[in-house]
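Numbering starts at 1 and runs along the sequence shown. Read the numbers this way: they start at 1 and go in the same order the structure lists the ligands and their atoms.
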Amino acid sequence: MSTLHANIPIKPAYVDLHIHSTASDGSLLPAEIIEIANKVGLRAIAITDHDTLEGSIEALRHQHSSGLEILSGIEISASFDSGTMHILGYLMRLDDASLIETLKVVQEARANRNVQIVKRLQHLGADISYDELLEVSGGGQIGRPHIAQVLVRKGIVENMDGAFNKLLKKGRSAYVERYRLLPVEAFQTILRAGGVPVLAHPFTLNAETEGDLDTILADLKQAGLKGVEVYHPAHGPALTAQYERLAHRHGLLVTGGTDFHGTAKPGIHIGIGRGGLRVPYRLVEELKRCAASGLRPYSVTP
Ligand code: AMP
Ligand code: FE
Ligand code: FE
Ligand code: ZN
(Lines give C-alpha, C1' and ligand atoms only; values in the text may rest on other atoms or scores of the structure.)
(Ligands and ions follow the chains in the order given, each with its own letter.)
Protein backbone atom coordinates (compact mmCIF):
# COMPACT_ATOMS: atom_id res chain seq x y z
CA MET A 1 0.00 0.00 0.00
CA SER A 2 2.88 2.31 -0.62
CA THR A 3 0.79 4.14 -3.25
CA LEU A 4 -1.86 5.08 -0.72
CA HIS A 5 -1.67 8.78 -1.57
CA ALA A 6 -0.83 8.37 -5.23
CA ASN A 7 -4.23 9.47 -6.50
CA ILE A 8 -4.80 12.37 -4.19
CA PRO A 9 -4.09 15.54 -6.14
CA ILE A 10 -1.64 17.85 -4.44
CA LYS A 11 -3.31 21.18 -3.72
CA PRO A 12 -1.29 23.90 -5.39
CA ALA A 13 0.24 26.35 -2.93
CA TYR A 14 0.18 30.07 -3.59
CA VAL A 15 1.91 33.06 -2.06
CA ASP A 16 1.77 36.87 -2.04
CA LEU A 17 5.18 38.54 -1.92
CA HIS A 18 4.14 42.19 -2.18
CA ILE A 19 1.90 43.51 0.60
CA HIS A 20 1.77 46.87 2.39
CA SER A 21 0.66 47.31 5.99
CA THR A 22 0.02 50.26 8.31
CA ALA A 23 3.79 50.39 8.83
CA SER A 24 3.74 52.33 5.53
CA ASP A 25 0.81 53.26 3.28
CA GLY A 26 -1.36 50.14 3.66
CA SER A 27 -4.58 50.30 5.67
CA LEU A 28 -4.38 46.94 7.51
CA LEU A 29 -2.23 45.84 10.44
CA PRO A 30 0.20 42.95 9.85
CA ALA A 31 -2.01 40.72 12.06
CA GLU A 32 -5.06 41.54 9.92
CA ILE A 33 -3.08 40.76 6.77
CA ILE A 34 -2.05 37.38 8.19
CA GLU A 35 -5.68 36.59 9.01
CA ILE A 36 -6.81 37.31 5.46
CA ALA A 37 -3.86 35.43 3.93
CA ASN A 38 -4.92 32.40 5.96
CA LYS A 39 -8.54 32.69 4.84
CA VAL A 40 -7.39 32.87 1.22
CA GLY A 41 -5.31 29.73 1.88
CA LEU A 42 -1.89 31.18 1.06
CA ARG A 43 1.20 29.26 2.07
CA ALA A 44 3.60 32.20 2.40
CA ILE A 45 3.58 35.99 2.43
CA ALA A 46 6.04 38.86 2.63
CA ILE A 47 5.05 42.26 3.97
CA THR A 48 7.01 44.75 1.89
CA ASP A 49 6.46 48.20 3.34
CA HIS A 50 8.03 51.31 1.81
CA ASP A 51 11.46 52.00 3.32
CA THR A 52 10.73 50.19 6.61
CA LEU A 53 11.10 46.72 8.10
CA GLU A 54 8.53 47.38 10.82
CA GLY A 55 5.68 45.63 8.97
CA SER A 56 7.81 42.51 8.54
CA ILE A 57 9.06 42.59 12.11
CA GLU A 58 5.52 42.79 13.42
CA ALA A 59 4.35 40.00 11.06
CA LEU A 60 7.22 37.76 12.15
CA ARG A 61 6.14 38.18 15.78
CA HIS A 62 3.04 36.23 14.71
CA GLN A 63 5.01 33.61 12.75
CA HIS A 64 4.33 30.70 15.12
CA SER A 65 0.60 31.22 15.46
CA SER A 66 0.11 32.41 11.87
CA GLY A 67 -0.13 29.09 10.03
CA LEU A 68 1.86 30.76 7.26
CA GLU A 69 5.44 31.04 6.22
CA ILE A 70 6.48 34.67 6.58
CA LEU A 71 9.47 36.07 4.70
CA SER A 72 11.08 39.30 5.79
CA GLY A 73 10.40 41.95 3.17
CA ILE A 74 10.79 45.60 2.24
CA GLU A 75 10.26 47.91 -0.77
CA ILE A 76 12.94 50.57 -1.18
CA SER A 77 12.64 53.54 -3.55
CA ALA A 78 15.77 54.08 -5.64
CA SER A 79 16.73 56.98 -7.86
CA PHE A 80 16.02 56.54 -11.56
CA ASP A 81 15.75 59.55 -13.83
CA SER A 82 13.15 58.53 -16.35
CA GLY A 83 10.71 56.75 -14.04
CA THR A 84 10.02 55.22 -10.64
CA MET A 85 12.27 52.42 -9.40
CA HIS A 86 11.08 50.34 -6.46
CA ILE A 87 13.30 47.54 -5.21
CA LEU A 88 11.86 44.69 -3.21
CA GLY A 89 14.10 42.95 -0.69
CA TYR A 90 13.40 39.48 0.69
CA LEU A 91 14.86 37.32 3.46
CA MET A 92 17.11 40.01 4.96
CA ARG A 93 18.41 39.61 8.50
CA LEU A 94 16.28 42.13 10.35
CA ASP A 95 19.04 43.06 12.79
CA ASP A 96 21.62 43.93 10.14
CA ALA A 97 23.29 47.16 11.35
CA SER A 98 24.07 48.58 7.91
CA LEU A 99 20.52 47.92 6.67
CA ILE A 100 19.03 49.61 9.74
CA GLU A 101 21.39 52.58 9.42
CA THR A 102 20.64 53.03 5.72
CA LEU A 103 16.90 52.89 6.34
CA LYS A 104 17.21 55.57 9.01
CA VAL A 105 18.76 57.94 6.48
CA VAL A 106 16.06 57.17 3.92
CA GLN A 107 13.29 57.58 6.49
CA GLU A 108 14.62 60.95 7.56
CA ALA A 109 14.69 62.11 3.94
CA ARG A 110 11.09 60.95 3.54
CA ALA A 111 9.98 62.80 6.70
CA ASN A 112 11.70 66.02 5.58
CA ARG A 113 10.08 65.76 2.17
CA ASN A 114 6.64 65.32 3.74
CA VAL A 115 7.09 68.54 5.73
CA GLN A 116 8.04 70.31 2.49
CA ILE A 117 5.00 68.95 0.65
CA VAL A 118 2.68 70.18 3.40
CA LYS A 119 4.33 73.61 3.22
CA ARG A 120 3.85 73.68 -0.56
CA LEU A 121 0.19 72.71 -0.20
CA GLN A 122 -0.34 75.40 2.43
CA HIS A 123 1.34 77.89 0.14
CA LEU A 124 -1.06 76.82 -2.62
CA GLY A 125 -3.93 77.64 -0.27
CA ALA A 126 -4.82 74.14 0.98
CA ASP A 127 -5.98 73.95 4.58
CA ILE A 128 -3.81 71.00 5.66
CA SER A 129 -1.47 70.42 8.60
CA TYR A 130 1.30 67.94 9.40
CA ASP A 131 -0.69 66.79 12.46
CA GLU A 132 -3.45 65.59 10.15
CA LEU A 133 -0.89 63.47 8.31
CA LEU A 134 0.30 61.95 11.56
CA GLU A 135 -3.28 61.11 12.38
CA VAL A 136 -4.05 59.24 9.13
CA SER A 137 -0.69 57.47 9.02
CA GLY A 138 -1.16 55.81 12.40
CA GLY A 139 2.51 56.08 13.32
CA GLY A 140 4.09 54.29 10.33
CA GLN A 141 6.15 55.73 7.48
CA ILE A 142 4.20 58.59 5.95
CA GLY A 143 3.85 58.66 2.17
CA ARG A 144 2.07 60.67 -0.48
CA PRO A 145 -1.00 58.37 -0.29
CA HIS A 146 -1.54 59.65 3.28
CA ILE A 147 -1.31 63.24 2.06
CA ALA A 148 -3.74 62.34 -0.72
CA GLN A 149 -6.11 60.83 1.84
CA VAL A 150 -6.18 64.05 3.87
CA LEU A 151 -6.77 66.09 0.71
CA VAL A 152 -9.72 63.84 -0.23
CA ARG A 153 -11.16 63.85 3.26
CA LYS A 154 -11.13 67.64 3.33
CA GLY A 155 -12.76 67.91 -0.07
CA ILE A 156 -9.74 69.64 -1.61
CA VAL A 157 -9.63 67.00 -4.36
CA GLU A 158 -12.24 64.45 -5.44
CA ASN A 159 -10.26 61.26 -5.02
CA MET A 160 -6.78 59.74 -4.61
CA ASP A 161 -6.05 59.83 -8.34
CA GLY A 162 -7.05 63.48 -8.42
CA ALA A 163 -4.65 64.23 -5.56
CA PHE A 164 -1.74 62.62 -7.41
CA ASN A 165 -2.61 63.87 -10.87
CA LYS A 166 -3.31 67.47 -9.83
CA LEU A 167 -0.80 67.98 -7.03
CA LEU A 168 1.44 65.17 -5.83
CA LYS A 169 2.99 63.39 -8.77
CA LYS A 170 6.28 64.35 -10.36
CA GLY A 171 5.96 67.61 -12.24
CA ARG A 172 2.90 68.82 -10.30
CA SER A 173 2.89 71.87 -8.06
CA ALA A 174 3.17 70.12 -4.68
CA TYR A 175 5.77 67.53 -5.76
CA VAL A 176 9.01 67.64 -3.80
CA GLU A 177 12.08 65.53 -4.64
CA ARG A 178 13.76 63.57 -1.89
CA TYR A 179 17.04 61.80 -1.40
CA ARG A 180 16.89 58.23 -2.69
CA LEU A 181 19.49 55.48 -2.73
CA LEU A 182 21.16 54.69 -6.02
CA PRO A 183 19.98 51.31 -7.33
CA VAL A 184 23.41 49.81 -6.59
CA GLU A 185 23.27 51.09 -3.00
CA ALA A 186 19.83 49.58 -2.47
CA PHE A 187 20.95 46.22 -3.93
CA GLN A 188 24.14 46.10 -1.86
CA THR A 189 22.31 47.07 1.34
CA ILE A 190 19.87 44.19 0.84
CA LEU A 191 22.62 41.73 -0.19
CA ARG A 192 24.82 42.60 2.80
CA ALA A 193 21.88 41.80 5.07
CA GLY A 194 21.66 38.33 3.47
CA GLY A 195 18.64 39.28 1.38
CA VAL A 196 17.61 39.05 -2.26
CA PRO A 197 16.98 42.29 -4.22
CA VAL A 198 14.18 42.17 -6.80
CA LEU A 199 12.99 44.85 -9.24
CA ALA A 200 9.33 45.68 -8.42
CA HIS A 201 6.66 46.30 -11.12
CA PRO A 202 9.15 47.03 -13.96
CA PHE A 203 6.62 49.05 -15.99
CA THR A 204 7.07 52.03 -13.62
CA LEU A 205 10.59 52.46 -15.03
CA ASN A 206 8.85 53.76 -18.20
CA ALA A 207 11.20 51.85 -20.51
CA GLU A 208 9.90 52.42 -24.03
CA THR A 209 10.76 49.08 -25.60
CA GLU A 210 11.67 45.56 -24.54
CA GLY A 211 15.18 46.33 -25.82
CA ASP A 212 15.45 49.32 -23.48
CA LEU A 213 14.36 47.25 -20.50
CA ASP A 214 16.78 44.53 -21.58
CA THR A 215 19.67 47.02 -21.37
CA ILE A 216 18.48 48.39 -18.03
CA LEU A 217 18.23 44.87 -16.55
CA ALA A 218 21.75 44.02 -17.74
CA ASP A 219 23.06 47.10 -15.88
CA LEU A 220 21.00 46.39 -12.77
CA LYS A 221 22.20 42.79 -12.69
CA GLN A 222 25.79 44.02 -12.83
CA ALA A 223 24.98 46.17 -9.79
CA GLY A 224 23.59 43.22 -7.81
CA LEU A 225 19.95 42.71 -8.83
CA LYS A 226 18.79 39.08 -8.38
CA GLY A 227 15.17 39.02 -9.49
CA VAL A 228 12.23 40.59 -11.30
CA GLU A 229 8.66 40.94 -10.08
CA VAL A 230 6.88 39.29 -13.00
CA TYR A 231 3.42 38.71 -11.49
CA HIS A 232 1.61 41.92 -10.44
CA PRO A 233 -2.00 43.08 -10.90
CA ALA A 234 -0.86 45.90 -13.21
CA HIS A 235 0.87 43.48 -15.60
CA GLY A 236 -1.41 42.16 -18.30
CA PRO A 237 -0.63 38.89 -20.14
CA ALA A 238 1.73 40.57 -22.65
CA LEU A 239 3.80 42.37 -20.00
CA THR A 240 3.89 39.28 -17.79
CA ALA A 241 5.23 37.24 -20.71
CA GLN A 242 7.76 39.94 -21.57
CA TYR A 243 9.07 40.17 -17.99
CA GLU A 244 9.25 36.37 -17.73
CA ARG A 245 11.27 36.27 -20.95
CA LEU A 246 13.64 39.01 -19.76
CA ALA A 247 14.11 37.40 -16.33
CA HIS A 248 15.07 34.12 -18.02
CA ARG A 249 17.40 35.81 -20.46
CA HIS A 250 19.30 37.49 -17.63
CA GLY A 251 19.25 34.54 -15.24
CA LEU A 252 17.16 36.52 -12.76
CA LEU A 253 14.66 35.04 -10.31
CA VAL A 254 10.93 35.53 -10.83
CA THR A 255 8.66 36.80 -8.02
CA GLY A 256 5.13 38.13 -7.72
CA GLY A 257 2.59 39.71 -5.45
CA THR A 258 -0.49 41.89 -5.36
CA ASP A 259 0.95 45.19 -4.05
CA PHE A 260 -2.03 45.12 -1.69
CA HIS A 261 -2.58 48.45 0.13
CA GLY A 262 -6.11 47.89 1.49
CA THR A 263 -8.38 50.92 1.09
CA ALA A 264 -5.54 52.98 -0.43
CA LYS A 265 -5.79 50.85 -3.58
CA PRO A 266 -9.35 49.59 -3.84
CA GLY A 267 -10.08 46.46 -5.87
CA ILE A 268 -6.80 44.69 -5.08
CA HIS A 269 -7.12 41.65 -2.84
CA ILE A 270 -4.46 39.73 -0.92
CA GLY A 271 -3.26 36.65 -2.82
CA ILE A 272 -5.40 37.18 -5.94
CA GLY A 273 -5.04 40.84 -6.96
CA ARG A 274 -8.06 41.74 -9.09
CA GLY A 275 -9.09 38.07 -8.99
CA GLY A 276 -6.87 36.22 -11.43
CA LEU A 277 -3.40 36.50 -9.92
CA ARG A 278 -1.74 33.28 -8.70
CA VAL A 279 1.86 33.24 -7.52
CA PRO A 280 3.22 29.71 -7.02
CA TYR A 281 5.08 28.71 -3.86
CA ARG A 282 8.06 27.35 -5.78
CA LEU A 283 9.21 30.96 -6.33
CA VAL A 284 9.73 31.20 -2.56
CA GLU A 285 11.91 28.08 -2.67
CA GLU A 286 14.02 29.71 -5.37
CA LEU A 287 14.33 32.92 -3.32
CA LYS A 288 15.45 30.86 -0.33
CA ARG A 289 18.02 29.02 -2.43
CA CYS A 290 19.38 32.35 -3.66
CA ALA A 291 19.59 33.80 -0.13
CA ALA A 292 21.16 30.62 1.24
CA SER A 293 23.79 30.56 -1.47
CA GLY A 294 25.08 33.81 0.04
CA LEU A 295 25.63 35.39 -3.34
CA ARG A 296 27.67 38.44 -2.74
CA PRO A 297 27.91 41.86 -4.40
CA TYR A 298 28.82 41.77 -8.07
CA SER A 299 28.62 37.98 -8.21
CA VAL A 300 28.09 36.84 -11.77
CA THR A 301 26.51 33.50 -10.87
CA PRO A 302 22.74 33.56 -11.48
P1 AMP B 1 5.85 57.97 -1.66
O2 AMP B 1 6.40 56.65 -1.21
O3 AMP B 1 5.45 58.82 -0.52
O4 AMP B 1 6.71 58.69 -2.66
O5 AMP B 1 4.47 57.64 -2.40
C6 AMP B 1 4.44 56.70 -3.43
C7 AMP B 1 3.25 55.79 -3.22
O8 AMP B 1 2.12 56.41 -3.75
C9 AMP B 1 3.38 54.45 -3.93
O10 AMP B 1 3.36 53.44 -2.95
C11 AMP B 1 2.15 54.27 -4.74
O12 AMP B 1 1.54 53.05 -4.40
C13 AMP B 1 1.26 55.40 -4.28
N14 AMP B 1 0.54 55.98 -5.41
C15 AMP B 1 1.04 56.48 -6.54
N16 AMP B 1 0.03 56.96 -7.33
C17 AMP B 1 -1.11 56.72 -6.66
C18 AMP B 1 -2.51 56.99 -6.94
N19 AMP B 1 -2.90 57.57 -8.06
N20 AMP B 1 -3.41 56.59 -6.00
C21 AMP B 1 -3.02 56.00 -4.86
N22 AMP B 1 -1.75 55.74 -4.54
C23 AMP B 1 -0.81 56.10 -5.43
FE1 FE C 1 2.59 52.29 -1.64
FE1 FE D 1 5.99 49.96 -5.51
ZN1 ZN E 1 4.42 48.27 -3.27
Side-chain angles (χ1 to χ4, degrees), residues 16-28 33 45-53 55-56 73-80 83-90 103 106-118 120-121 130 133-134 136-137 140-153 157-172 174-181 183 186 197-206 227-235 243 255-268 270 273 277 279:
D16 190 340
L17 302 178
H18 193 157
I19 299 177
H20 294 269
S21 79
T22 48
S24 68
D25 54 359
S27 61
L28 297 187
I33 289 166
I45 61 165
I47 293 189
T48 51
D49 277 307
H50 298 287
D51 300 333
T52 178
L53 293 164
S56 265
I74 195 162
E75 185 174 22
I76 299 178
S77 306
S79 57
F80 188 71
T84 296
M85 187 185 292
H86 285 178
I87 295 159
L88 295 158
Y90 295 111
L103 291 178
V106 168
Q107 289 167 4
E108 210 173 287
R110 176 181 276 279
N112 290 337
R113 178 210 58 174
N114 293 334
V115 171
Q116 297 305 319
I117 295 179
V118 171
R120 284 262 178 115
L121 288 167
Y130 197 77
L133 274 191
L134 289 175
V136 295
S137 72
Q141 288 303 305
I142 299 176
R144 282 176 287 167
H146 296 115
I147 302 174
Q149 228 174 297
V150 174
L151 292 170
V152 173
R153 186 190 288 185
V157 291
E158 255 175 48
N159 51 37
M160 299 283 285
D161 280 346
F164 274 88
N165 291 332
K166 288 181 188 148
L167 293 161
L168 298 174
K169 77 176 187 186
K170 203 169 188 167
R172 298 296 183 259
Y175 180 79
V176 179
E177 259 310 332
R178 71 178 151 111
Y179 165 75
R180 290 163 198 263
L181 297 177
V198 172
L199 177 66
H201 40 63
F203 71 96
T204 65
L205 296 178
N206 294 331
V228 177
E229 184 176 53
V230 168
Y231 307 109
H232 185 284
H235 303 168
Y243 297 156
T255 73
T258 59
D259 213 349
F260 175 82
H261 282 69
T263 52
K265 274 193 192 166
I268 303 286
I270 290 174
L277 199 80
V279 182

What protein heavy atom lies closest to [atom]? Include the residue and the distance to one decimal.
{"atom": "atom 10 (O) of ligand 1", "result": "His50 NE2, 2.7 Å"}
{"atom": "atom 22 (N) of ligand 1", "result": "Phe164 CE1, 3.6 Å"}
{"atom": "atom 13 (C) of ligand 1", "result": "Pro145 CG, 3.6 Å"}
{"atom": "atom 6 (C) of ligand 1", "result": "Arg144 NH2, 3.7 Å"}

Ligand 1 atoms in contact with [X] (distance to a heavy atom under 4.0 Å):
{"X": "Arg178", "result": "2 (O), 4 (O)"}
{"X": "Gly143", "result": "3 (O)"}
{"X": "His261", "result": "10 (O), 12 (O)"}
{"X": "Asp25", "result": "7 (C), 10 (O)"}

### Query
Mind checking whether Lys265 has a heavy atom under 4.0 Å from ligand 1?
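For ligand 1, residue contact (heavy atoms, under 4.0 Å) with Lys265 is present.
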
### Message
For Arg113, state whether at least one heavy atom is located under 4.0 Å from any atom of ligand 1.
### Response
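Judged by the 4.0 Å heavy-atom criterion, Arg113 does count as contacting ligand 1.
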
### Query
Would you say His20 has an N, O or S atom lying under 2.8 Å from the Zn ion (ligand 4)?
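Of the N, O and S atoms in His20, at least one lies under 2.8 Å from the Zn ion (ligand 4), which means yes.
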
### Task
Would you check if the Zn ion (ligand 4) lies under 2.8 Å from any N, O or S atom of His50?
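It does not; every qualifying atom lies at 2.8 Å or beyond.
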
Check [X] against [Y] and note the closest heavy-atom contact, atom names and distance.
{"X": "Phe164", "Y": "Pro145", "result": "CZ-N, 3.8 Å"}
{"X": "Leu181", "Y": "Ala186", "result": "CD1-CA, 3.9 Å"}
{"X": "Pro233", "Y": "Gly273", "result": "CG-CA, 4.1 Å"}

#### Entry: Opening angle at the Zn ion (ligand 4) [OD1, Asp259; NE2, His18; to 10 degrees]
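My answer is 80°, to the nearest 10°.
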
So how far is it from [X] [atom1] to [Y] [atom2], rounded to the nearest 0.5 Å?
{"X": "Thr84", "Y": "Lys169", "atom1": "OG1", "atom2": "NZ", "result": "10.5 Å"}
{"X": "Asp16", "Y": "Leu277", "atom1": "CG", "atom2": "CG", "result": "7.5 Å"}
{"X": "Ile45", "Y": "Leu17", "atom1": "CD1", "atom2": "CG", "result": "9.5 Å"}
{"X": "Ile74", "Y": "Leu88", "atom1": "CD1", "atom2": "CG", "result": "10.0 Å"}

### Task
State whether a side-chain donor-acceptor pair under 3.5 Å links Tyr179 with Glu177.
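On atom types as modelled, these side chains do not qualify, holding no pair under 3.5 Å.
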
### Message
Test of geometry: compute the angle ND1(His86)-the Fe ion (ligand 3)-NE2(His201) and round it to 10°.
### Response
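ND1 of His86, the Fe ion (ligand 3) and NE2 of His201 span an angle of about 100°.
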
#### Entry: Residue Glu75 atom name (nearest to the Fe ion (ligand 3); N/O/S)
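Of all N, O or S atoms in Glu75, the Fe ion (ligand 3) lies closest to OE2.
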
### Message
Please tell me whether His20 and His50 form a close aromatic pair, meaning their ring centres lie under 6.0 Å apart.
### Response
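Between His20 and His50, the centre distance is under 6.0 Å.
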
### Task
Test Val176 against every option in Ile117, Val115, Leu168 by the side chain to side chain contact (heavy atoms under 4.5 Å, CB included) rule and name the one that passes.
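Looking at Ile117, Val115, Leu168, the match for Val176 under the side chain to side chain contact (heavy atoms under 4.5 Å, CB included) is Ile117.
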
### Query
Nearest heavy atom to atom 2 (O) of ligand 1: which of His146, Met160, Gln141, Arg110 does it belong to?
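Among His146, Met160, Gln141, Arg110, the closest heavy atom to atom 2 (O) of ligand 1 belongs to Arg110.
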
### Task
Decide yes or no for Lys265 and Met160: does some side-chain heavy atom of the first lie under 4.5 Å from some side-chain heavy atom of the second?
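The answer is no; the side chains never approach within 4.5 Å.
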
### Query
Taking just the N, O or S atoms of Glu75, which one is nearest to the Zn ion (ligand 4)?
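The nearest such atom is OE1.
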
### Message
Using a plain distance cutoff, I'd like to know if Asp161 has any nitrogen or oxygen under 3.5 Å from a nitrogen or oxygen of ligand 1.
### Response
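Among all N and O atoms of Asp161, at least one is under 3.5 Å from an N or O of ligand 1.
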
